[in-house]
Every structure is written in structure tokens, then in C-alpha cells.
Undergrad: 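Sharing a structure with you now.
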Amino acid sequence: MMAESFHKKALARELRSALSKDEALAEANRCLFCYDAPCMRACPTHIDVPLFIRQIATSNPGGAARTILSANILGASCARVCPTEVLCEGACVLEDQHKPIQIGPLQRFATDHAMAVKQKILTPGTPKAGSVGIIGAGPAGLSCAAELLKLGYQSVIYEAAERPGGLNTYGVAQYKMTPEVAQAEVDWLIEAGVTIRCGVTVGKDVSLSELESRHDAIFIGVGMGAIPGIQIEGESLPGVWDGLDFIAALKNGDREIFEMLRGARVAVIGGGNTAIDVVTQASRAGAGKVWLLYRRGREQMSAYPHELELAKDAGVELVLHAVPHRVLGPSRGPSPRLSRVSGLELGRKLPDGGERLETLPADLVIRATGQKGAKLTAELPVRTDGGKVVADSNGRTSNPRYFAAGDCVSGGQEVVNAVAEGQRAARTIADEVLGKLGGAR
Amino acid sequence: MADLSVDFCGIKSPNPFWLASAPPTNTGDQIMRAFDAGWGGAVWKTLGQPIVNVSSRYSSVDFAGRRMMGLNNIELITDRPLDVNLREISEVKKRYPKNALIVSLMVESKRETWHDIVRRAEDAGADGLELNFGCPHGMSERGMGSAVGQVPDYTCQIVEWVKEVAKTPVIVKLTPNITDVTFPARAAEKGGADAVSLINTINSVTGIDLETLTPRPSVHGASAHGGYCGPAVKPIALSMVASVAQTVKIPISGIGGIASWQDAVEFILLGSSTVQVCTAVMHHGFRIVLDMIDGLSAYLDSKGFSSVQELVGLSVPRYQRWEQLNLNYRVIADIKQDKCIGCGVCYAACYDGAHQAIAVKPNDRGRSTVEILEHKCVGCNLCSLVCPVDDCITMKRIDSYGEERLPWTEYSKNPSLYPHVRSNRHDQ
């Protein structure tokens, strides 16, 4: 029991803690209130950053939350998960001289306030005729629904999972954001009148033709699918995990996972930000040793430099130019479901082009290479390419009744990109489909 | 090392830093601790007839996340028994003979009452007396404090009464709550005062509690105007000190928002021989004097002064009437592009708030590149004031008149000689 509570604490410990009121005030007063502010330009949803920071400085956190959330309904998530180092904070003019304004934590301060006082955030527009079926309650779908509601249009979100939120609920590492924050944002939408049907898989529980008959337009926000196999011997052993399943299991508070991780040696394969999430999360949740294996050099890794530093700070060992060959095992774990492997055989590329074989004494192997397309994507009546939906920047697909945005189009970007794209798609749907129906509801 | 000691109308002090008559000088214990910390002198919290105080008493103005840029109080004079204060004055003077101990006084406007309090304060060992004609709240409703300081004839009269018996120097503390502070200053000098001190606090309401709608500080749901002090009042005090310095010949003890050695130097340059501090000590305690002494001393050494006395009043001749300023002198803003961080704050300030003399365009980093439109720049300073980077925007001189001066007094007699100045004036 003690071990469990330790792990839970370690898991819950957030990366950037909340600012106190005094800290927020002091930080807000550092902001220069730039003209045509670079931070605002750098934000995909163009939140009026100088204005919301000024509102914090004048003890108007409710106004700050309105400024943030009117531009980005998932502003509370973004405050936690945005790579602010390369977006707003990276653009801050104080970066060279002192240090940039902590825009992320200030945004969190304002949105935390809104949640604490149960502030009403979304005001529906004058009701108009027209309805949109949204597939997927992830960031893109939620953003699309919120924008449609502001414009006066109803939508129904169909979500296959038990809970709404998409990656915000299941896929963002716990130390960055808890599912409660994702749920609070979803609650804003539900209170304002958006219908979300969870546990409904399109193509199984409801057919596409049924959706087409119920709705005037369909928005696709299904995200990406599972992490594909890497085609090596032993990868179907039970001690080999999909990185997203691993994060979701930890977020669900799976006690067995904590037990399994305790002191375990974990080899994670991948070089992107998801791989960083997995290694950092594993290390923070009690793993004894964590390796991050990447097949090429540091320069080729797609992970942000600040994220890689985070992993190193968590004690992760980076193994570059490493190609996994074979998973050894199985080995006994705490339960049949959670059995372990007995090692990972890999080849270390040498400068002369040769390869040296090594065996890591790994207990667990986690795949965190890129996701493949969602299963549903291939079944949709829209043009696709390599598992992704083909859509323009305003969400138009090859089918005039279907619109799409978020990871299922981009292949995997930030929450804030999905929010911005979902908004633009909603406006396109309103202009090009619903607006032509005419009349009030 | 420069000599910091002063002789203020006969009152000797190891340095020019005195504590003003206020809560920090309420007791002998406080004053002795202040002297131990390094303060040169102290003005004892005002003695007078018995009073009672309210609760609460202070309120403040915060600015940009910093506490107490301005402080307001509705506290009256000392509420401790007179004999206790007098006993402690004797004790402090005995134990700290080298420090300046001035006693502030305020009693009803009767000749005998003033004679009595003056004798008692001097018998206790006061090195000098400060007549409190400045306190703007409470006591003024009873015909004392600023009620006296606002009427030059009363000021003169009471100073004359005091001088009839006083053996030590008499300082008159002036109220700023008057149209022209030089009138009571002249009255004090006429009555025989040895020095003046200014400014006392300014009538103020610091704010209102937006939940209860009660002005601060709240005394059971109501408030009264208080006396304002602290960093916020310094510019007002400097202006009044300079005006008085140009008007009277007696020495000045400068008061009003002094918190650092730089503040003190500014008051001294405008004619103060000593400076008095209150709010900064109420905020940070007595220890701030360490840096005030060190900073003043280092400044004097770096400028080649051998004594602080040499500094007194050096800026007074440079404080003039507007009509004496040189209209031939022209500056414009100069932006150091290599220092600019691209915040665009100068652009917004100039475009919306001044003379539309800055152009802006976004650069390849998504920031603002700004440029001075020299033909539109009037040399107002605003951009250089708002720029967050030191020395990024400076003002450069562009006229070609050298030392040839043209004050308004001459210009108005012969405007046609100077067409460029005239057209400039019409622009404004």
C-alpha cells in the first residue's frame, strides 16, 4: 500500500506547479503589453495574451479566463500541454534580455480560477437551423462543437471511448495534465448545450449513412490510431506495450501497472514527443532504469529540445543509433497479464557502417514510434493518404458534406493546432453548408 | 571619504538622514534602535494635548505588483502621556549625545500653551523644535496642524510666540495642502523661524473597498481623508522644496517619499540641508539607512565633493520658469536598433499618446521593427520613457544654435526672426 501511494504521488506531481496569486501578479506585471504582440502571433489560436495578462495584473482573473477561452475553448489544457517554449514564450521579446514571461502558467492561473468559481464560459449564439455530426470528442471535435455553438448551430459528438477528451483524457502524460482538467473543459461544452455520446463507435453502433441522414454536415476528428508494430521477433510478448496504452493505463490509475513498473528496467523505442512522454512518465512513476532508444542521431529526433532535457532530468538514458532486433522472454511478472520480457537485443550502428550487437537487460519494452491512421479513417467517403484524411487548412475534404481537422489530417500535432483547425472547420461548415440552409431554429 | 556631518541651523548631526516625526519615532526605544542603525537624527512624534486614536489608521496604494507606493494615515499625534515622552527624550539625549534629537510640537493656538510645551521639550533635552503646522487630518478640525499652516498670519504669529521663549532652533513644518507653499514659508521666516521642513502629508483617499463601498482605511464602515506620503509624493515634494529654496534664506529639511540615497541627493540638490524619512522605514525598517549612508558617501566621493554641505542647493539655479527655457534647443529620439527587443511599446505610446512620429513593421522574428520619423518627432521624450531597455532610446540634439539662447520672453517680442520655432509652435 505504501508503495502504491508513493507511486500515485509521484504520478500526480506536476511538472510546472500552479502559480500562487502573488506569483501570478508579479509575473503579470513583468509583461510589457507589446504592440502587435509576438506571443499572440505565435499562438495558433491567437489568444490575446497581453490582454489576458493585463487582466490578471488588475485582479480580474475572470476576465482573463474569458479572453483565453473565447479564443481557445481548451485553454486550460493548452496552458499545461502546449510547447510554450516554441510558441508564445519562445516568441516573447523578453527572451533575450531577461527570461520570457511565463505565459503558460499565467494562462493556467486564469483558467484554474474559472474552474474554481464555475465560471460560465460558452455563450451560445442565436439558434439557427442546421446540425453537425462530429466524430471524435478529442480537441478538434470539441473545438469545432464550441465554435458551432457560438455561431448558433447544434452538434452531436460521437465518441467511441467511455470518456470524452480524446488524447487530453487518455494520451497526455499525467505529470502534464490530469483527466479532471480535460473533463472540466468538456463540462463547459455540455453545460452550454453540446451533446456528447460516449461509447458510440461510428461504423458499428451507428452507421455513416445514419449520421448523414441525421446531420447536415459531418466533421471528422478521429485522431490517429494505434502505434504500429516494428516487425521484430518477440514484439507480441505481453511485456511489450503500445506507448499510448501505457500512458492511458497509468492515467486510469491501474494499480497493477504501478506494481509492474516499480524498479523495472524499461526500454522505450522512438524519437518523438510521445516517446519523451513515455520515458519521463515511466521514470516519474517509479521505474528503476529507463532507456530511450532511437535509430538515428540526436539531430534527427523530432522531439523538442526542451522535452528531451526534461527526460534527461528524469534520469532517462538516451541510446542513439540503436536498432531493436529481438525481444527476449517472456519472464514472470506480477500477474499473468503483466508479465515481463527478459531483455532486448539491439544493434548499435558504428561510424564505419557496421553494427555491434548488444542486449539490454530490459524488463519491459514500450513502442513509442509514430501512430498509424485511425481504423475508421479508411472507411470514410473522403480521400485519404497514408492513413490520414486529405483536407485543406479550412477543413474541406474531397466530399462537400465532410470536413476534417486535427491529428487525423496532420498526422499528429499539438492540442492547440487541433483547436485552431477545429475552429476554422466549424466556420467553414457554417459558411458553406449550414448558412445556405437559411432560417432560424 | 566625504564628510557627511551637517550643522542644521545650529543642530549638529553625524549625517543628514533624520527620521520624520511619525510612528517610527513614537518611543525612545525605537529612536535608540534607529540611532544604533545609523540614523543621524530623529524628530520625536508630535507632543501635544492628550488625544485618542481610531482603529484602523493606515491604507496604501500598490503599484504594478509592488506594495505601498503611497501610504495614507489618519493617526493623530502621540497618544502616550506627555511625562513618559519627556522622560524618554531625556534618556535618549543622555545616551546619544551626538545624534540630533528634535521634538515635534502641536498645541492649541494660545501663547501660554505654546510657551509651556516649548519649555518642557527643551528642559527634557531637545536639540531643536519642529512646529507641526502640517498635519492635515483630525487635528486640523480642532484648529491645529494644517489649519495653522494654511493661514500665513497664524503661522507667523505662533512662530513669534515660540521664539519668545525658545532657546533651541525652531523648525516650522509646512503643509502641502495649500495653493502656494511659499506663502507660509515666508510667514515662518518672518516670524523668526530658524528653518522650515516640508512637505507634510497630502490630503488623500487611497481607495475604496469595492465590496463594502467604504473608503480606506475603514473605521467601522466609514473613513476620513488622510495624509498621503511615500514614493508617490516625492515629485510633489521636490517641486515644493525647490520653490521654497528660491524664496526663503533659512535652511530646509526635505521630506516626502525619500527611500534611497538617490532620493536624498535630489532633495539636497534642490536646497535641503537634511532629509527626513518615514514611509520607507515603516515599510522596511531602520536598516535602510545603511545603504543611504553608503550610497551618499560613494556619490560624493565619485563626484569629488569633500562634504555633503557642498551639494546643498546646487540644482536650484537650474529650476526655472518655463519662459526662461531655451526655445532654440531641439532634440529628437534616437533608437539603437541593436538594443531594440521589438516590443513596439514606443510605437503604441507615440502613435496613440503623443505625436505619431514612430513607424512600425513586423520583422522576420514576428516582432516589431520601429523607426523614428524625424520630421514628425518633437523631442517629447515619451518613447525613451516607456522603452523597457536601458539606453535603447536616447534623445539626440539636432539644432545648430549652439549656446545661442532664445527664451519665450525674447521670442514673444520678436517672433518673425525665428520662423522655425514659430511653425513648430503651430504644430502643437
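Here the structure is a predicted model, which means the values were calculated and not measured. Values reported hereafter were calculated over all heavy atoms of this structure, with side chains retained and with hydrogens, waters and symmetry mates removed. The chains referred to below are lettered A, B, ... by the order of the sequence lines, with proteins before strands, and numbering in each begins at 1.
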Undergrad: Under a 4.5 Å heavy-atom cutoff, which of A:A37, A:A91, A:A42, A:C34 has the most pairs with chain B?
TA: A:C34
Undergrad: Name the one of A:V49, A:I53, A:I56, A:L106 that satisfies side chain to side chain contact (heavy atoms under 4.5 Å, CB included) with A:C31?
TA: A:I53
Undergrad: Go through the atoms of A:A57 and report whether side chain, backbone, both or neither lie under 4.5 Å from a heavy atom of chain B.
TA: neither
Undergrad: Is a side-chain donor-acceptor pair under 3.5 Å present for A:H46 with A:N72?
TA: no
Undergrad: Report yes or no: is the cationic atom of A:R54 (NZ for Lys, CZ for Arg) under 6.0 Å from the centre of the six-membered ring of A:F33, at an angle within 45° of the ring normal?
TA: yes
Undergrad: For chain A, which residues from residues 364-375 of chain B have at least one heavy atom closer than 4.5 Å to it?
TA: B:R365, B:G366, B:R367, B:S368
Undergrad: Between A:T45 and A:Q423, is any side-chain donor less than 3.5 angstrom from a side-chain acceptor?
TA: no
Undergrad: For B:V386, is it the side chain, the backbone, both, or neither that has a heavy atom closer than 4.5 Å to a heavy atom of chain A?
TA: neither
Undergrad: Name the option with the most non-hydrogen atom pairs under 4.5 Å to chain B; the candidates are A:N29, A:L94, A:V93.
TA: A:V93
Undergrad: I want to check something: taking the side chain as every heavy atom from C-beta on, are A:C82 and A:V415 in contact at a cut-off of under 4.5 Å?
TA: no
Undergrad: Verify whether one side chain among B:S260 and B:D263 offers a donor that lies under 3.5 Å from an acceptor in the other.
TA: yes
Undergrad: Any donor-acceptor pair under 3.5 Å linking the side-chain atoms of B:T214 with those of B:D209?
TA: no
Undergrad: Without hydrogens or angle criteria, can the side chains of A:T67 and A:Q55 be said to hold a donor-acceptor pair below 3.5 Å?
TA: yes
